[in-house]
Amino acid sequence: MWWYLLKRLGLSVVIVLMAIAALFVMLHSIPGDPVSIALGPRATPEIQAAYAEKMHLDQPLAFQFLIFVGNVLQGDLGTDVFSNRSVGLTLSEQLPYTITLAVAALGWAIALGIPLGCLSAIWPNSWIDRVTGVLSVGTIAVPSFLVSIWAILIFAISLRWLPVLGAGDEGDIIDQLRHLILPAFAVGLGWVGYLARMVRASMLEVMGENYIRSARAFGLTSRMVVFRYALPVAVLPTITLIGVGFGGLLSGTVFAEIIFSRPGIGRIIYDMVLARNFPVVQGAVLVTIVLYVVVTLIADIIVSWLDPRVRDSL
Amino acid sequence: MSETHSDIPGPVPAETPVPERGYSMGREKLMLFLRNAMGVFGLILVLLFFASAIFAPLFATHDPLAMDIPARMSGPSADHWVGTDQLGRDTFSRVLYGGRVALKIAAIGVTVALTTGLILGMVAGFGPRWLDNLLLLVFDTIRSFPTVVLALAAVALLGPSLELVLTIVIVTTIPGYARLARTSTLALKNTEFILAERSLGASTARILFVHIMPNVIGPLLILAAMDVPVVVTIEAGLSFLGLGVQPPTASWGTILNEGYLIIRDTPWMVIAGGIPLVLTTLGFTFLGEALRDVFDPKLRRGR
């Protein structure tokens, strides 16, 4: 177990380092003057000169890379070129909004998707199985940004049930929750389908195993067999799926934040791309990647803790 | 799915829907596919997508760029079937032409990604251990970039363009094909027919392309059918954000974007721009799943 943890952790670190290297290479492979690219066309010559010296642009490339990695490891993501604020500070203000949205979206998808998949595996070819089957393909087929737009059209403009823009008033929990409903619905909808299908498939497989037959032969109730013996095993691949799919979930939150004008990491990346404020974009991309890597790491650790067979696979 | 022995005369006419045993593999698979209602429905939608994109100039009722300011933001009418946008351009015609962008990205993107992924995956599976590990690491790194975030970062540096969207699509979908090809190659690597071929002195290239590739490519083609919706969605999504196809070119994403801006005036643009996206996604998903069930039931658990 410890050996697996160590190797898995090592892999995460290497992936983050590779991602940092890729960002660095991307930044340096564009033709033109790095200072004006990094700062954008609105920077004055004084800002440019200060930036060039601060970023050690007169030093060799390898040295610049080491400084870059060193700064990132110390949590220094650089400075916003326009407002002179620390990028890390800006991002730490935005991050909770993104995490709230991601957790809310995933939460309702899990709460609905897993029971649906479970029920349709227990009663295959029943009406609930058929409805779930159609529903899950349907929800997967509609891209999340389209769900967002159509949800606004239906629930906010036609029915006027829910507010559209922003994240709600500061300190007013009810208002914030009302603003969270539509984005969380849009980001999570596809996941309901994914999870239901995944749980159904792995549940069907588990229900065919010998140990389930033994459990039944011992005279355990169906409920006991399903909840104590089948479901815990069947849910394992789902945890991995959530981990791997988290990147897609983050892409979904980017769209939701932009369409619903919510604050968050995705929105800040989009706004800063349009403003060509590169240090902020770079920092935010890095934070997103680290977030993704941490979530996959946690998912893998949970799975390996529950299922010892996985530990040999790395 | 191809009919290989159609010239062999049989006791039953070819159009009889009753599946007959004793025919070639191809016919049996075809029958199995035709009995899959979802698959046939998917195939129809996919053919519709191809036809509407390729023959867009024939079906379009208006020039997609022709403006008719007096009729701007109108609803459906006899002249404009699903209304017009804020410049009075005909939305129906623009949706048809938008399909061409989607088709172009999907066709080029999936082909290039499949070919590259196939080769990289076979090399990773067949090559030395260190190369395998290195390639796996690269694939994992690429997958660790959320697509949209990667796209945003790239656009920030290089500016929006169709070529950039294509590059992003290719780079982000290669790992999927490569991993699948690698797994199949690893399984084949030490089988007896490969060992025999090797002992006869065949070159690595010959083993890879003559012997391994035909055994590996099937699942990849099915994955490709299922990847088309992903690719089309990425294009539409980026164009929606204004980071892909640039105006005045019509794309489902730009139509949705323009429609979103005037959503309080007319709902028709976001409806008309969204439906083809959903139908295309559904079509390729159903088709891919039916093909998988017919040709490679084992793949079910993979993704």
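In the text below, chain A, chain B and the rest are named by the order of the sequence lines, each starting its count at 1.
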Please look at B:Ala151 and chain A and tell me whether the side chain, the backbone, both or neither of the residue comes under 4.5 angstrom of a heavy atom of that chain.
neither
More than 12 heavy atoms of other groups within 6.0 Å of A:Trp191 CH2
yes
Of the backbone (N, CA, C, O) and the side chain (C-beta and beyond), which part of B:Phe284 lies under 4.5 Å from a heavy atom of chain A, both, or neither?
neither
Residue pair A:Trp150 / B:Val278, side-chain heavy-atom distance below 4.5 Å:
yes
Tell me, do A:Leu146 and B:Trp252 make a side-chain contact under 4.5 Å, heavy atoms counted?
no
Sort A:Ile149 into side chain, backbone, both or neither according to what part of it lies under 4.5 angstrom from a heavy atom of chain B.
both
Considering only heavy atoms, which portion of B:Leu136 lies under 4.5 Å from any heavy atom of chain A: side chain, backbone, both, or neither?
neither
Structural part of B:Ile271 lying under 4.5 Å from a heavy atom of chain A:
both
Which atoms of B:Val138 come close to chain A, meaning under 4.5 Å heavy atom to heavy atom: side chain ones, backbone ones, both, or neither?
both
Quick one: what part of A:Val285 sits under 4.5 Å from any heavy atom of chain B, side chain, backbone, both or neither?
both
So A:Phe145 and B:Leu256, do their side chains get closer than 4.5 Å, heavy atoms only?
yes
Are there over 12 heavy-atom neighbours, none belonging to A:Phe246, within less than 6.0 Å of that residue's CZ?
yes
Please round to the nearest 0.5 Å and tell me the distance separating atom CG of B:Leu150 and atom OG1 of A:Thr288.
11.0 Å
Sub-4.5 Å side-chain heavy-atom contact between B:Leu282 and A:Val142
no
Contact class of A:Val137 relative to chain B, heavy atoms under 4.5 angstrom:
both
Going through the distances and angles, do A:Ile140 and B:Thr285 end up as a side-chain contact (heavy atoms from CB on, under 4.5 Å)?
CA-CA 9 Å; A:Ile140 295 170; B:Thr285 310; 5.8 Å; no
Check: A:Val254 and B:Val149 side chains under 4.5 Å, non-hydrogen atoms
yes
Side chain, backbone, both or neither of B:Pro267 within contact of chain A (heavy atoms, under 4.5 Å):
both
Please classify the contact of A:Ile259 with chain B as side chain, backbone, both or neither, using a heavy-atom distance under 4.5 Å.
both
